[in-house]
2 protein chains.
Amino acid sequence: MEAQVPKRRPGRPRTRQQALELRAQDPIESLPPTARRLLDAARRILERDGIAALSLSAVAEEADESKASIGYHFGNKEGLIVALVDSLVHEANRGLVAQTHQYPLGDTRLRVLMEGEREIIEDTQGFIALLEIFPYAMRSESIRGRIADLYAGYRDTVLDVLDAGQGTPTRELASFALLTIAIVDGLSIQYALDPDRVDLEAATHLWQRMGRCVLSDLGMVDIG
Amino acid sequence: MEAQVPKRRPGRPRTRQQALELRAQDPIESLPPTARRLLDAARRILERDGIAALSLSAVAEEADESKASIGYHFGNKEGLIVALVDSLVHEANRGLVAQTHQYPLGDTRLRVLMEGEREIIEDTQGFIALLEIFPYAMRSESIRGRIADLYAGYRDTVLDVLDAGQGTPTRELASFALLTIAIVDGLSIQYALDPDRVDLEAATHLWQRMGRCVLSDLGMVDIG
DNA sequence: GTCTATATTGGGATAGAC
DNA sequence: GTCTATCCCAATATAGAC
């Protein structure tokens with residue numbers, strides 16, 4: 001009896017348009033019900049108890065399914081984690097896009113983006129879950145590629161906010177997107193480790209000031 | 001036969017002076033030779049093969065010692081990892097302090113700090129090792145506290161560079177230190193995941209520009 | 001497709017000789 | 001202080017019945 005292998009293996013998207021399309025499809029909606037229950041259970045365990053607690057037995061019990069069904073649907077543990085990453089990545093993308101695209105282009109949306117960062121940092125769950133997977137990601141080409149694509153998507157979203165996404169961004173704008181994402185991650189780490197000694201309010205305020213400073217220099221936006 | 005428990009348990013340093021003193025002592029120099037070999041072996045395995053490969057058998061083999069000796073010297077695996085974190089933390093601190101303190105105060109040192117960041121990001125080994133431990137850290141109070149102290153030390157070092165360390169920093173300066181460290185970590189993550197799509201050169205250049213912009217605003221430094 | 005039962009491995013811990 | 005040998009357990013994977 002052959003174990004089923006993960007089906008879709010989409011190539012890394014080459015253009016921003018392709019990346020946007022990739023973000024649109026839900027990787028878990030097409031799964032059989034049992035596989036979906038298993039995946040949901042895995043996500044709950046990862047976020048509640050961490051990667052160390054993510055054993056096949058724990059997943060089976062949490063999902064109220066059998067251990068063997070994991071092997072059937074995902075091949076092995078690696079396959080389960082790949083699917084889990086896909087689901088986390090999709091969710092994370094959906095969240096960011098939803099948060100920014102409900103606002104009009106330009107000044108307001110940028111302010112929303114930067115102020116929204118603080119909420120994202122305080123809601124560390126999703127990010128922490130990805131950090132827990134990081135050790136796996138650095139050893140598995142397919143997992144690392146998926147997370148790398150997630151980050152590329154994040155950067156594209158920031159670019160969309162800044163210039164509505166047309167054309168090739170300047171080197172400065174691309175760098176600004178890189179830094180914006182880096183700030184979110186970096187602050188999340190320090191805040192998760194030690195919330196008492198990390199003043200997110202002041203930090204995001206200063207970061208906004210720095211952004212305003214350089215963006216007006218670049219002639220991009222004036223959010224005063 | 002009682003297992004030996006880790007000896008030093010220094011309280012969390014309360015002042016910047018205490019933090020500096022803490023950074024001065026080497027936590028592994030006082031260890032017996034066998035314990036030291038075990039710890040060095042653990043560090044090699046962590047950096048080479050990741051946390052998943054850090055089993056007691058692997059450590060014993062790499063160190064050419066017996067598995068039981070780990071239990072004797074460190075109590076259990078958790079104790080070994082705590083000691084490992086101490087050693088990584090000490091090393092990381094030494095690196096940053098050495099890099100900044102060889103330069104004169106003020107403008108030059110700040111530029112060195114910011115340009116040195118790029119090297120730190122490209123040399124991801126130490127940071128990746130800490131990230132691999134992150135899942136443990138979030139579940140173990142003593143490990144998390146040690147890493148939190150490391151970050152507090154980093155931030156203090158940045159403050160030293162900015163104002164030579166006297167007095168209580170303003171909220172803005174404290175935030176700047178926070179952001180500086182966050183940038184290093186955040187860029188490291190994106191660079192580790194996908195070096196081809198991350199232009200460190202341009203990103204650090206833009207970050208320097210943003211720093212210059214806001215610091216001159218604050219009347220702190222002019223590194224033009 | 002799903003389950004029970006089991007094979008097999010490898011990990012962490014420790015007793016007891018030296 | 002250090003080693004050998006062993007114990008116990010948890011985990012993954014899979015065979016085979018239904």
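Below, chains carry the letters A, B, ... as their sequence lines are ordered, and counting in each starts from 1. In this text the structure is predicted, and so the values were computed from the model without any measurement.
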Without decimals, in angstroms, what is the distance between Lys77(B) NZ and dA13(C) P?
8 Å

Of the candidate nucleotides dT4(D), dA13(D), dC3(C), which contains the atom at the shortest distance from the side chain of Ala68(A)?
dC3(C)

Have Asp185(A) and Tyr151(A) got a donor and an acceptor in their side chains that come within less than 3.5 Å?
yes

Separation of dT12(D) P from Ile70(A) CD1 (nearest whole Å)
8 Å

For dG10(C), does OP1 or OP2 lie under 4.0 Å from any side-chain N or O of Ser57(B)?
no

Rounded distance (Å) that lies between atom P of dT2(D) and atom CG of Leu31(B):
12 Å

Tyr72(A) OH to dG1(C) P, straight-line distance once rounded to whole Å:
4 Å

Gln190(B) versus Arg197(B), side-chain donor and acceptor atoms under 3.5 Å:
no

Taking only side-chain N and O atoms of Thr34(A), does any of them lie within less than 4.0 angstrom of OP1 or OP2 on dT2(C)?
yes

To the nearest Å, how far apart are Lys67(A) NZ and dG16(D) P?
18 Å

Taking 4.0 angstrom as the limit, do Glu91(A) and Arg43(A) come out as a salt bridge?
yes

Ring geometry between Trp207(B) and Trp207(A) (parallel below 30°, tilted from 30 to 60°, perpendicular above 60°):
tilted

Output the rounded distance in Å from CG (Asn76(B)) to C1' (dC9(D)).
16 Å

Within this structure, what is the CZ-to-C1' distance between Phe74(A) and dG1(C), rounded to whole angstrom?
14 Å

